[in-house]
Amino acid sequence: MANQYPGPPPEQPGQPAQPGQNPYATPAGGQPADSGYGYPQGGRPGEPGYGYPQAGSQPPPPGFPPSAPPPAPGAFQGAPQAGGMSLSLGDIAVTGDTIMTPAGPMPLKGAIWTATDMSRTEEKIPAHAVVLAIVFFLFCLLGLLFLLMKERVTTGFVQITVNSGGRHHSTMVPVQSREQVMFVLNQVNYARSLSV
């Protein structure tokens, strides 16, 4: 029951520290540990350890000029793009003169864009209008006017399809209002104008 806390045992005052007794204790003489302390494999600063790349020891992957850094793993290795991403529709992105999709890159020039509105809008009486109509019906017959309250709920998707360079990709963009439907359709019209 002498050591009830986690961690290294405390150094006892008045007792000389024995080597190997407490690995967390200050080294003998009060000097910092040798320069290899804390480096992998007990090496010295500047010496490589296991798992650490050595500067200039690995040549760049084939197909890349020696001055350019290799691309990140999983990155698109196409031609460099002028400018950033100009449009994003679901998992379709337009960058420069290329359409990026999970099916692969496609040329923007001559692309055929199709948008299909697959959403539906329902009109219903909200629950709070029914409660107000019942409560105010007991006091006066004007409470029935609360049943005239309607709310519009839009659910569904807009399907976007692009064909270019012998490839085809389709995506579904979820929408919750008529304004979102119009926004997505306007984006598709903009993509069409870029494809001319």
Side-chain angles (χ1 to χ4, degrees), residues 4-7 51 53 60-61 63-65 68-196:
Q4 296 180 352
Y5 54 89
F64 294 100
F76 171 66
Q77 298 179 8
Q81 302 296 323
M85 181 172 55
S86 60
L87 181 65
S88 176
L89 298 161
D91 57 2
I92 301 172
V94 177
T95 58
D97 60 350
T98 306
I99 302 169
M100 301 298 299
T101 66
M106 301 179 197
L108 179 61
K109 187 166 179 71
I112 299 171
W113 295 85
T114 308
T116 308
D117 182 7
M118 302 175 77
S119 65
R120 68 171 195 247
T121 302
E122 297 175 346
E123 225 177 61
K124 64 179 187 174
I125 301 172
H128 66 274
V130 174
V131 171
L132 289 172
I134 292 171
V135 169
F136 283 102
F137 176 73
L138 299 175
F139 297 114
C140 62
L141 294 176
L142 294 176
L144 294 176
L145 291 175
F146 284 109
L147 293 178
L148 295 177
M149 292 174 58
K150 303 283 185 196
E151 100 181 324
R152 289 192 174 105
V153 178
T154 301
T155 56
F157 298 89
V158 175
Q159 181 182 19
I160 301 169
T161 305
V162 61
N163 293 312
S164 181
R167 292 190 180 189
H168 165 86
H169 183 70
S170 181
T171 187
M172 306 281 269
V173 178
V175 290
Q176 286 85 26
S177 68
R178 294 306 304 165
E179 291 80 19
Q180 286 182 345
V181 172
M182 293 310 297
F183 178 74
V184 171
L185 294 177
N186 286 337
Q187 281 189 317
V188 172
N189 285 335
Y190 177 64
R192 284 183 186 133
S193 70
L194 293 175
S195 298
V196 175

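- The line from CD of Glu123 to CD of Glu151 is 10.0 Å long, rounded to the nearest 0.5 Å.
- The environment of Lys150 atom NZ is dense: over 12 non-hydrogen atoms of other residues, nucleotides or ligands sit within 6.0 angstrom.
- Closest non-hydrogen pair, Leu108 versus Gly96, comes out as CD2-O, 3.7 Å.
- In terms of the ring pair (Phe, Tyr, Trp, His ring centres under 6.0 Å) criterion, residue partners of Phe146 (sequence neighbours excluded) are, by chain and number, Phe136.
- Taking CG of Asp117 as the reference point, atom CZ of Arg178 lies at 5.0 Å (rounded to 0.5 Å).
- Closest of all the heavy-atom pairs between Thr114 and Arg192 is CA-NH2, 3.9 Å.
- Contact record, Leu147 with Ile125: O-CD1, 3.6 Å, taken as the closest heavy-atom pair.
- Taking CD1 of Ile99 as the start and CG of Leu89 as the end, the distance is 9.5 Å to the nearest 0.5 Å.
- Between the side chains of Ser177 and Thr154, not a single donor N or O lies within less than 3.5 Å of an accepting N or O.
- Of all heavy-atom pairs spanning Ala191 and Leu87, the tightest one is CB-CD2, 3.4 Å.
- When each of Ile92, Ile160, Asn163 is tested with His169 by the rule side chain to side chain contact (heavy atoms under 4.5 Å, CB included), just one qualifies, namely Ile92.
- Smallest separation of non-hydrogen atoms from Gln180 and Pro174: OE1-O, 4.3 Å.
- A distance of 8.5 Å separates CE of Met182 from CG of Asn189, quoted to the nearest 0.5 Å.
- Heavy-atom neighbours of Met118 CE from other residues, nucleotides or ligands within 6.0 Å: at or below the threshold of 12.
- In this structure, the side chain of Ser164 engages the main chain of Pro107 through a donor-acceptor pair within 3.5 Å.
- Contact record, Gly90 with Thr171: CA-OG1, 4.3 Å, taken as the closest heavy-atom pair.
- Taking CE of Met106 as the reference point, atom OG1 of Thr101 lies at 3.5 Å (rounded to 0.5 Å).
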Check the pair Asp97 / Lys109 against side-chain contact (heavy atoms from CB on, under 4.5 Å), numbers first and verdict last.
-> CA-CA 7 Å; Asp97 60 350; Lys109 187 166 179 71; over 6 Å; no

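- Remark: Met149 CE to Lys124 NZ distance equals 13.0 Å, nearest 0.5 Å.
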